[in-house]
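Below, all heavy atoms of this structure are taken into account, side chains as well, without hydrogens, waters or symmetry copies. Note that this is a predicted model, so its numbers are computed, not measured.
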Amino acid sequence: MNRQKAKTSKRQYHTREFKTSAVKMVTDEGIEAGEVASRLGVDIITLRRWISSAEKAKESKTQESMKDLILANKRQEEEIRKLKMEREILKKAMAYLVPTQN
C-alpha cells in the first residue's frame with residue numbers, strides 16, 4: 001500500500017506589527033511595493049492584500065467617525081431648538097411679570 005504523506009504547509013505567519021510596518025513602508029515612506037516585498041521576503045500579492053486591507057480599515061474608521069459627528073450634530077441641533085423655545089417662553093413670561101414703564 002502506498003500512502004501519500006500529507007503536504008506540510010510552508011505558510012508564513014506574520015504579526016500585526018510586521019504587516020503594519022510593511023504597509024507603512026509603501027504608503028508613508030513611498031517605497032515601491034515590489035522593493036518592500038523583496039526586502040521583507042514577502043510575496044508581492046500578499047503585501048498588496050495587506051495594503052488593501054489597511055485602506056479599507058482606514059476608510060471604515062473614517063465612515064464611523066463621520067456617523068458619530070452626524071449624530072452629535074443632530075443632538076446639538078435639537079438642544080439649540082429646545083433652548084430657543086425656552087428663551088421665547090421666558091421672554092413672554094417676563095412681558096407679563098414685569099410692568100412696562102411708559
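Between Ala22 and Val36, the closest heavy-atom pair is O-CG1, 3.9 Å. Residues His14 and Lys19 approach most closely at O-CE, 3.5 Å, considering heavy atoms. In terms of heavy atoms, Ala37 sits closest to Leu47 at N-CD2, 3.8 Å.
Salt bridge status for Lys84 with Glu88: absent, with no side-chain N to carboxylate O gap under 4.0 Å. One finds a salt bridge joining Arg81 and Glu78 here, because a Lys/Arg side-chain nitrogen approaches an Asp/Glu carboxylate oxygen to under 4.0 Å.
Interatomic distance, OG of Ser53 versus CZ of Arg49, reported as 9.5 Å (0.5 Å rounding). Taking CD1 from Ile44 and CD from Glu32, the interatomic distance works out to 8.5 Å, rounded to the nearest 0.5 Å. Remark: Asp43 CG to Ser38 OG distance equals 11.5 Å, nearest 0.5 Å. Taken to the nearest 0.5 Å, the CG atom of Leu69 stands 9.5 Å off from the CD atom of Gln76. Here the CZ-CD distance, from Arg75 to Glu79, works out to 11.0 Å after rounding to the nearest 0.5 Å.
Using a 4.5 Å cut-off between side-chain heavy atoms of Ile, Leu, Val, Met, Phe, Trp and Tyr, with links allowed through other members, Ile51 and Phe18 fall into the same hydrophobic cluster.
Within the 3.5 Å criterion, the main-chain N or O of Glu17 finds no donor-acceptor partner in the side chain of Ser21.
Residues Val26 and Trp50 fail the side-chain proximity criterion, which asks for heavy atoms closer than 4.5 Å.
More than 12 non-hydrogen atoms from other residues, nucleotides or ligands lie less than 6.0 angstrom from CG of Leu90.
Applying the side chain to side chain contact (heavy atoms under 4.5 Å, CB included) test between Glu64 and each of Met66, Lys61, Lys67 identifies Lys67 as the sole match.
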Stepwise side-chain contact (heavy atoms from CB on, under 4.5 Å) check, Glu86 with Leu83: CA-CA 5 Å; Glu86 289 175 356; Leu83 291 171; 3.7 Å; yes
